[in-house]
Amino acid sequence: MRAAGRAAWARVWDRVAASDPGLLRLTAGLRTVSAIALTLAVLSLLRASVPHLVAGAMAAMVSMFAIREKQRGQQAVTLAQGLPVALASVSLSALLNSRVVAGDVFFVLLIFGAVYSRRFGDRGTALGLIGFQIYFLSLFVGATVSALPRLYGVLGVAFVCSALVRFALVPETPTGTLDRLRRAFRARFAQLVTAQLALLDAGPDDMEKALVDVREGTARLHETALLIQGRLEDGTSDETAARLVQRRIADAEVAAERLGLLLLTARSAERGHTLTLHLPGAPVPAGDRLPKRDETTDTLRRDLEALRLLVLRPAGTDSGTGLAHVRNRLLGYREEENLPPASDAVQDVFRGIGEAGRAVLGLRIAVDGPQDESEDTPATTRSREELDAEDVAIAGSEEAEGEDAERTGLRRPTTRAAVQVAVGSSLAIIGGEFLSSQRWYWAVLTCWIVFINTSSTGEILVKGYRRLLGTVLGVVAGIGLAGLVGHHTWTAFALVLLFIFAMFYTAPLSYTLMSFFVTAMLGLLYTLLHTYSASVLVLRVEETALGAACGVVAAALVLPVHTDRRTNELLGTVLARLTDVTEAAVDQLSGGAPAELLDKARDLDQALADLSASTQPLTHPITPLRARRDTARYVVALLETCAYHARYLAATAELLPTHPSIAADPRLREAGRRIVHNIGVIGAYVTDEGEDGDGVGAIETGPSIASLLRPGTPGTPRYGRVTDRVLRHLQRLDEAVVGLARPLDVPIAAPAQ
C-alpha cells in the first residue's frame, strides 16, 4: 500500500512539476504568502491596528515580488536599498497628502522615474516598483505625517520578515531552481511521449485531438528548455558544465520533436510536414498507412512506453538488469542491423526512438554524472563514447562574444514607455478626480500596470481589456465575500492570503484571473478598513476602465509604437537570428570553422518567443480582422518550423568533430547560400529597407537541395544516413522560407530554365 501511495504521489508530483516548470509559480506564491503571514503575526503581537496590518501585508507583498534577481547576494543588496526608498516614498506621500497639485505632480514624476529606471536592469526595476507601490500603499491607507513613525516601523517589520522568508524560511537558490527545471523538463518530455503514444493509437475520430496534444506537448517542452537556458549560467558550477547541460537539453528537445514528426509521417499517407506540429488548427494529414495491431506496431508501442519509463526514472535508480536492458534495446535502434522489418517510415520511427534514448542518456550523464556501464551492449558503448567525445569538445570550446547596439534618446524603449505612462497617468489623475476625489489613484494604478511588460499599442489594449474583465468579475466576488466575512478580521486575512497565492500562481497563465483575485482581495481589504460598500467596488470598475482608456490613449498618441511596427521589428530580429544559425551551421557542416551554434540557436528561440508574445493582439479571439489573425498565426508557425530545422542543423554541425558517421561536405555551402539569400530578402521587405521594394531582390526558387548535391560525379561518396537527414532538414528549411514569402507578399522569382 505504501509503495502504491508513493507511486501515486510521484505521478501527481510529476504532473505538478510539468504544469509549473521549476515550480516557479508555486514557489513565488508560497514565499509571498509566507512573508505576509509572518508580517501579520509579528504586527499582531505588537498590537498593531488593522490599517497597519493592511499596510504591512501590502509592503511585504511588494518587497517579495519586486525583486527578480537570481543571485542571493544581489537580492540582499536590492532589498536593503529598497527599504530607504520605501521610507522616502511613504514620507513624501504623507507630506504631500494635503497639497493636491504638488502631490499629483510628484506622483507623475515618480511614475516616470519608476518606469525609466527599468533601463538600469533588475535592480533599477525593483527600486522603481517599490517606490511606486509604497506611494500607492500610503494613499490606500491614508498616511499622514503624524502616523509616519508607526508606518516606518510597519515597513521595517515587513522588509525584515520578507528577508527572513527569502533567505531562511523558504530559500530559493539558482541551483535548486535549475534542478527543479530539469525535473520539469523530464516530466514534460515524458508527457510528450505519452501524447505521441496516443497519436500512434488514435483512430480517425481521435487523430485531431491526438495531434493537438502532441503540438501542445512540443510547445511546452520548448518553453521549459528556454526557462532552463535562462537559468544555466547562475545555476551551474562553471561555464563548461552550463554548456554541457545546454547541449544535452538541445539534443533532447530536437530528438523529441523529431520523433513526433516521424510518427506523424508513419501514420499518414504522405510525409508529415513540420508545420503541422506548429500551426494551431492545421488539418490532420489524410490517410492511415500504419496497421493498428501487428507485431511491428506492438513493438513500437512497447518501445515508446520504454522510452517514457527511461525518461521518468529518477536519478540514482538506474541500476538493475531490467532498466539496462530497456536502455540497450532503445540505443540498439541506432544500428541498422537492429531495426525490425518494416516500411522506411516505420523504421525511421525506430531510429527516432534510438536517438531519443541517446539524448536521454546524454542528459543523465550531464546532470547526474557517470552511469552504471556494467550491462552495456556494444551499441550502448558506442553511444557513450560519442557522448564522451562531445563532452571533451564542449570543454575545449571558447565563448563567442558579441555586442548589441543600444538605442538612445526617445527611441530607447524605457524612455518612450516612461513618457507614455507619465502622460497616461496625468490623464488618469484628472479623470479620476472627477470620479472620486478619494480613490482616484485606482485609475493611475491601472494605467501603470497596463504598461508593464508591454511594447505596443495593441498589447496595451489587450492587457487593459483583460484587466477590466477580471476587475468586473472580481467586484462580483468581492461583494459576495464581503457579505459573508463581515468584520471577522482573521477570516478575512486568511482569504486575503489565499487570493494572493492564487494571484501569483495564475499570473503567468491568465492576466484576467490575476485581476480577478486582486479585486476580490481588495474587496476584503476594504471590509477590514471599514470602507467597504458596493458603490466603492463599482467605483473601482469605473476607475479601472478609465485607467485602461488613458493608457491606450497615451500609447496611441504619444510616441506610439503600432503593433504592425513592433511585430515587423521583432520579425526582422527573428529572421536575422535565423540567418545567423543557418549560415553558421551550414558553414560548419561544409568544413568551416566551429561557431557557438547552440548559443545562436537559443538567441533565435528567444527572439521567436518575443515575436509570438507581440502578435497576441493580432491573434486574440476577439479581433475582428480574421484574415490578419490567420496570417499572423501562419507566419509564426512557419517561423517555428524554420527554427526547428535550424536547431537540428546546429546540433548536427556541433557533432562534426566527434561523430564517426558525419563528415563535412563543402557542397552544402552552395545549398545554404540560397536559403540565406531568401531569408535576407524577406528580412529586407519587412523592415524599412523593403518599403519601396527597390533593390531588394526576389525569392530564389529552383531544384531541390538534394538535386543540387547529386552524388553522381566520379569519386563522390554516397550519402550516409545522417547526411541524408541534413539534406532533408535543409530541404524543409528551404521550403518553409519560400512558404514564408507568400503571406508576407514578398515577390518570388520564376525558376531559372
Exercise. Checking side chain to side chain donor-acceptor pair (under 3.5 Å) for the pair Glu69/Thr78: CA distance, chi angles, key distance, verdict?
Worked result: CA-CA 9 Å; Glu69 289 154 314; Thr78 303; 2.5 Å; yes
Problem set entry | Working for side-chain contact (heavy atoms from CB on, under 4.5 Å), residues Arg123 and Val77 | CA-CA 9 Å; Arg123 181 163 298 159; Val77 171; 3.6 Å; yes
For this session: Under the side-chain contact (heavy atoms from CB on, under 4.5 Å) rule, what do Leu639 and Leu575 come out as? Steps first, then yes or no, please.
Result: CA-CA 9 Å; Leu639 287 170; Leu575 292 170; 4.1 Å; yes
Exercise. Can Arg68 and Thr125 be said to form a side-chain contact (heavy atoms from CB on, under 4.5 Å), step by step?
Worked result: CA-CA 9 Å; Arg68 296 298 183 192; Thr125 301; over 6 Å; no
For this session: Determine, stepwise, if the pair Phe136 / Met58 fulfils side-chain contact (heavy atoms from CB on, under 4.5 Å).
Result: CA-CA 10 Å; Phe136 172 82; Met58 294 179 69; 4.2 Å; yes
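Between Tyr441 and Phe107, the ring center distance fails the sub-6.0 Å criterion.
Among residues two or more places apart in sequence or in another chain, the side chain to side chain donor-acceptor pair (under 3.5 Å) test is passed with Asp610 by Gln606. Under the ring pair (Phe, Tyr, Trp, His ring centres under 6.0 Å) criterion, Phe185 pairs with no residue, sequence neighbours left out. Under the side chain to side chain donor-acceptor pair (under 3.5 Å) criterion, Ser91 pairs with Tyr152, not counting sequence neighbours. In this structure, Thr471 has no side chain to side chain donor-acceptor pair (under 3.5 Å) partners at least two apart in sequence or on a different chain. Evaluation of the side chain to side chain donor-acceptor pair (under 3.5 Å) rule for Glu433 yields no partner, not counting sequence neighbours.
Considering only heavy atoms from C-beta on, Leu46 stays 4.5 Å or farther from Arg150 through its side chain. No side-chain heavy atom of Leu129 sits under 4.5 Å from any side-chain heavy atom of Val62. The side-chain heavy atoms of Val157 and His52, taken from C-beta on, include no pair separated by under 4.5 Å. The shortest side-chain heavy-atom distance between Phe112 and Val419 falls under the 4.5 Å cut-off. Inter-residue side-chain proximity for Gln133 and Phe65 is flagged as met; some heavy-atom pair is nearer than 4.5 Å. Side-chain contact check for Leu524 versus Met521: every heavy-atom pair is 4.5 Å or farther apart. Taking 4.5 Å as the limit, every side-chain heavy atom of Phe434 sits out of range of all side-chain heavy atoms of Leu546. Residues Leu30 and Phe501 form a side-chain contact, since some pair of their non-hydrogen atoms from C-beta on lies under 4.5 Å apart.
Remark: side-chain polar atoms of Ser612 are not paired, donor with acceptor, to backbone N or O of Leu608 under 3.5 angstrom. Judged purely by atom type and a 3.5 angstrom limit, Thr573 uses its side chain to pair as donor or acceptor with the backbone of Glu569. Proximity of a side-chain donor or acceptor of Arg577 to a complementary backbone N or O of Asp605 within less than 3.5 Å is not detected. The backbone N or O of Tyr135 lies less than 3.5 Å from a partner atom in the side chain of Ser138, making a donor-acceptor pair. With hydrogens and angles ignored, the 3.5 Å screen pairs no side-chain donor or acceptor of Arg220 with any backbone N or O of Arg188.
Here the closest non-hydrogen pair linking Leu110 and Ser89 is CD2-OG, 4.4 Å. Minimum interatomic distance between Ala158 and Ser63 (heavy atoms only, all atoms of both residues): O-OG, 4.2 Å. Heavy-atom minimum distance, Gln75 versus Phe167: OE1-CE2, 3.8 Å. Scanning all heavy atoms of the two residues, the minimum distance from Ala548 to Gly464 falls at CB-CA, 4.0 Å. Among all heavy-atom pairs drawn from Gly29 and Phe504, the shortest one is CA-CB, 3.8 Å. Residue Ile130 comes nearest to Ala66 through the heavy atom pair CG1-CB, 3.8 Å, listed as atom of the first residue, atom of the second, then distance.
Between atom CD of residue Glu543 and atom CG of residue Leu435 there is a gap of 4.5 Å, rounded to the nearest 0.5 Å. Between Leu469 atom CG and Thr512 atom OG1 the span is 5.0 Å, to the nearest 0.5 Å. Expressed to the nearest 0.5 Å, how far CZ of Arg183 lies from CG of Leu23 amounts to 7.0 Å. Atoms CD1 and OG, from Ile430 and Ser425 in turn, are 11.0 Å apart once rounded to the nearest 0.5 Å. Distance check, rounded to the nearest 0.5 Å: OG of Ser34 to CD1 of Ile36 gives 9.5 Å.
Between Tyr116 and Phe120, the ring-plane angle classifies as perpendicular under the 30° and 60° cut-offs.
Residue-environment remark: CZ (Arg25) exceeds the threshold of 12 foreign heavy atoms within 6.0 Å. By the neighbour-count criterion of 12 heavy atoms within 6.0 Å, atom CZ of Arg99 is sparsely surrounded, having that number or fewer from other residues, nucleotides or ligands.
Under the 4.0 Å criterion applied to side-chain N and carboxylate O atoms, Asp179 and Arg182 are assigned as salt-bridge partners.
Sorted by first and then second residue, the salt bridge (Lys or Arg N to Asp or Glu O under 4.0 Å) pairs with a member in residues 168-178 read Arg31-Glu172, Glu172-Arg180; sequence neighbours excluded.
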